[in-house]
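See below for the structure under consideration.
Numbered from 1 within each chain, the chains take letters A, B, ... in sequence-line order. Only a predicted model underlies this, so the values are computations on that prediction, with no experimental measurement involved.
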Amino acid sequence: MGAGGPAGVGVAPGAAEGSAAGAGSGAGAGSGAGAADRPGGRGAGPRSRALDGLRGYGLIAMMWIRATMTYRTSFALMLVGNMAITGLDFVAIYLMFRHVDVLGGFTLPEIALLYGLCSTSFGLTDLLMGNTDRLGARVRDGSLDTMLVRPVPVLAQVAADRFALRRLGRVVQGLAVLVWALSVLDVAWTPGRVLLVPMTVLAGTAIFSAVMVAGAAFQFVAGDAAEVQNSFTYGGNTMLQYPPTIFAKDLLRAVTFVLPLAFVNWVPALYLLGRPDPLGLPGWAAYAGPLVGFAVFVPASLAWRAGVRSYRSTGS
Amino acid sequence: MDGTGDAAGDVTGGMEGDMTEDVAGDMASDRGFGETGRAHTGRGGTGRGGTGRAGTGGGGKALIEVDGVRKVFEVRRRTGLMRREKREVRAVDGISFTVPRGEMVGYIGPNGAGKSTTIKMLTGILTPSAGRLRIAGIDPARQRTRLAHRIGVVFGQRTTLWWDLPLKDSYGLMRRMYRIPEDRFRRNLRRCVDELDLGDLLDVPVRQLSLGQRMRGDIAAALLHDPDVLYLDEPTIGLDVVSKVKVRRFLRELNAELGTTVLLTTHDLQDIEQLCERVMVIDHGRLMYDGPLAGLHSVGESERTLVVDLEREHPPIELPGTRTVKVEGPRQWLAFPATASAAPLVAEVARRYPLVDLSVREPDIEDVIARMYAGR
């Protein structure tokens with residue numbers, strides 16, 4: 001897929017570690033091979049492009065992590081701060097439940113499951129792809145030009161530039177809530193249902209990432225559209241923290257069939273909780289997350305490509 | 001990272017001592033070069049290209065091929081509350097040229113002529129609206145990442161380095177991005193550090209560098225992966241004299257030793273005079289001139305000036321094909337077409353008038369180009 005792909009997004013942290021190890025050993029086999037295929041030019045298939053993108057992403061992200069780690073205390077504070085701020089969303093929900101026992105028919109642990117799933121997915125997306133919302137600024141100040149002349153797919157560069165490890169804070173608090181919810185809830189566990197949890201987190205990351213990429217692609221056309229992008233990503237995340245039963249049917253249809261955010265947590269969580277889907281989706285739909293993630297990445301990466309091709313650069 | 005550090009360490013040691021001398025020497029020789037360059041040009045010769053550089057081209061097939069390339073921007077303007085007017089701006093309007101391997105080409109034109117747009121199409125940043133582009137057989141817009149391994153780009157106006165990182169970290173990252181083998185990287189970095197005097201700057205974050213330092217850092221970054229083509233967009237903009245000299249000398253050597261093809265846009269005609277055997281002039285998106293620097297004179301209908309010192313004051317000299325521009329005591333200034341030979345004119349003056357001394361002044365390239373734009 002154009003760049004990264006749904007699988008790619010999930011794999012990226014691993015790739016970063018891999019290349020870090022390679023970097024330490026200096027001119028290892030990796031750079032040797034690179035030299036060998038350089039003169040003849042490299043195959044430009046979608047697969048090798050994706051791998052190039054992942055490798056480039058890893059290189060840039062590692063560099064930023066190293067740069068951050070030179071000020072460890074400051075990093076630790078930022079991480080905790082990020083965790084606390086993003087965790088406030090759950091605190092708000094918790095406080096609400098001091099006054100009510102159920103919200104839209106859902107108990108606190110049930111809502112915690114929704115919250116944990118979408119918050120972890122969104123946290124991973126924010127960590128891995130969050131910097132794409134600066135694309136409009138890059139177009140305006142012309143710094144995208146310099147990325148376009150480097151041998152790494154632009155999307156990987158845009159996403160990895162200024163990689164901020166402190167955003168792990170959101171992931172950590174999301175995971176904490178998720179773990180708490182799973183430990184309290186009474187789910188009839190089967191191997192399939194156990195597998196569904198990590199699968200849903202990854203699929204959710206892919207779906208959110210696709211929305212991020214599409215939003216970034218839109219910024220090629222409308223330079224200051226970062227807020228539009230944010231309303232779908234951050235806004236979508238906030239919506240998903242609440243049970244689907246409190247929203248209008250039309251909105252549910254839109255976020256199931258048009259922009260399938262429902263697959264980030266609603267559809268699989270309802271299945272785990274043994275609740276009927278408000279739109280009457282069958283039980284197997286809970287497992288469709290990865291497919292949905294893949295499906296939304298196709299138009300997102302096409303939009304991105306179209307965006308790059310229509311790029312007009314700045315005057316100078 | 002460690003690689004960079006080591007190379008830097010090795011390099012800084014030796015450089016300090018002889019640096020000042022070096023630059024001073026170069027400035028002198030550079031001036032010399034400029035003079036001879038002009039003299040050659042005046043006689044309608046090929047300039048320095050004929051004496052030294054022609055061999056590097058090797059007569060190979062074109063490295064850069066540009067055929068009928070256009071770039072049209074659609075500009076939307078709001079004319080009323082709801083109405084919008086669409087207008088087409090042809091930034092580049094049907095340009096064709098080829099550049100063989102090893103050539104240094106100057107690309108000049110007034111602001112907004114389409115220079116940067118051309119460079120951006122050649123580097124794959126912009127997709128052309130029409131026409132065909134190939135760099136070493138690669139279509140820039142379609143195979144951008146593949147092309148990136150073959151080209152180096154320096155934008156005078158903005159840096160390709162990472163703003164918050166020390167120079168050497170940027171280079172280390174480049175090494176891995178471009179998959180440059182360790183030994184080659186060390187060799188290239190050392191060369192750049194030596195020639196561009198970067199030794200002291202390697203640990204400095206890019207944002208703290210002065211414009212001249214940053215430019216030198218950028219040039220080094222563009223060359224670490226041994227590109228076939230180097231694009232320089234205003235490489236000497238805002239540099240002081242010493243830095244300019246350093247950069248020009250470095251580029252000349254690079255071209256002579258490695259045969260790197262160089263395409264540079266500039267407003268500084270000294271860059272062109274000292275570096276390029278070939279110059280392309282663009283205006284309003286069209287190529288107005290493509291040829292040796294000397295040929296600009298004939299196109300621009302420029303004039304040379306014969307300055308004659310006579311024995312005594314004399315009424316203005318009247319000779320066919322010349323006009324007397326100025327008379328000041330026994331000294332007179334005669335303008336004649338730059339394309340004409342000075343020899344018969346000198347002979348004629350010597351025969352008819354009491355000649356004591358004479359000199360020939362070459363036309364100023366800047367004037368020539370200004371006239372080209374004006375005469376369009």
Side-chain angles (χ1 to χ4, degrees), chain A residues 3 19-20 22-28 30-44 48-49 52-53 55-56 58-60 62-64 66-68 70 141-154 156-157 160-162 306 308-316, chain B residues 1-3 71 73-74 111-112 115-117 120 123-127 136-138 140-153 155-166 169-170 172-186 218 222 225-226 231 233-234:
Chain A
S19 58
S25 63
S31 40
D37 59 10
R38 197 198 95 130
R42 309 136 50 74
S48 81
R49 264 187 74 77
D52 268 3
R55 181 179 173 277
L59 287 176
I60 300 168
M62 270 319 291
M63 183 198 68
W64 284 106
R66 259 199 305 272
T68 324
T70 48
D141 72 16
S143 61
L144 195 72
D145 282 9
T146 63
M147 292 185 166
L148 284 161
V149 298
R150 291 187 193 134
V152 171
V154 204
Q157 292 187 65
D161 197 44
R162 303 194 152 271
V308 172
R309 278 189 78 80
S310 72
Y311 175 56
R312 300 169 52 143
S313 189
T314 49
S316 67
Chain B
M1 250 0 59
D2 6 342
K71 181 69 188 176
F73 291 110
E74 225 170 58
N111 294 332
K115 301 188 295 283
S116 288
T117 305
K120 281 174 182 171
T123 48
I125 293 172
L126 292 176
T127 311
I138 298 171
R142 290 192 167 277
Q143 297 166 285
R144 200 164 6 85
T145 45
R146 207 181 134 204
L147 179 76
H149 287 281
R150 313 290 296 268
I151 62 170
V153 189
F155 299 107
Q157 314 277 9
R158 63 181 63 96
T159 183
T160 51
L161 302 165
W162 284 267
W163 205 243
D164 303 295
L165 293 183
D169 286 6
S170 273
L173 185 55
M174 291 269 187
R175 174 172 80 75
R176 282 186 226 116
M177 262 194 183
Y178 286 86
R179 302 169 194 261
I180 310 167
E182 182 75 25
D183 54 338
R184 193 145 55 107
F185 174 74
R186 276 168 175 264
D218 259 314
H225 59 287
D226 284 329
Y231 299 103
D233 198 355
E234 303 277 359

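In this structure, chain A has a heavy atom under 4.5 Å from the side chain of Asp164(B), while its backbone stays farther away. Looking at Asp141(A), the atoms closer than 4.5 Å to chain B (heavy atoms on both sides) all sit in the backbone: N, CA, C or O. Using a 4.5 Å cut-off between heavy atoms, Leu165(B) contacts chain A through its side chain alone, with no backbone atom that close.
A distance-only check finds no donor-acceptor pair linking the side chain of Arg150(A) to the backbone of Met174(B) [under 3.5 Å]. Under the 3.5 Å distance criterion, the side-chain polar atoms of Arg312(A) are matched with a main-chain donor or acceptor of Glu74(B).
The side-chain contact (heavy atoms from CB on, under 4.5 Å) search around Val152(A) returns Ala156(A), Gln157(A), Met177(B), not counting sequence neighbours. For Ala148(B), the side-chain contact (heavy atoms from CB on, under 4.5 Å) criterion is met by Pro151(A), not counting sequence neighbours.
Residues Thr146(A) and Thr159(B) fail the side-chain proximity criterion, which asks for heavy atoms closer than 4.5 Å. Arg55(A) is listed as a side-chain neighbour of Arg179(B), based on a closest heavy-atom distance under 4.5 Å.
Atoms OG1 and CG, from Thr123(B) and Leu148(A) in turn, are 8.0 Å apart once rounded to the nearest 0.5 Å. To the nearest 0.5 Å, the span separating OG1 on Thr145(B) from CZ on Arg49(A) amounts to 5.0 Å.
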For this session: Take Arg66(A) and Asp169(B) through the test side-chain contact (heavy atoms from CB on, under 4.5 Å) and record every step on the way to the result.
Result: CA-CA 10 Å; Arg66(A) 259 199 305 272; Asp169(B) 286 6; over 6 Å; no
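Salt-bridge formation is not detected for the pair Arg146(B)/Asp52(A): no Lys NZ or Arg NE/NH1/NH2 atom is positioned less than 4.0 Å from an Asp or Glu carboxylate oxygen.
Per-residue heavy-atom pair counts under 4.5 Å with chain A were compared for Thr127(B), Ile125(B), Thr160(B), Ile138(B), and the maximum is reached by Ile125(B).
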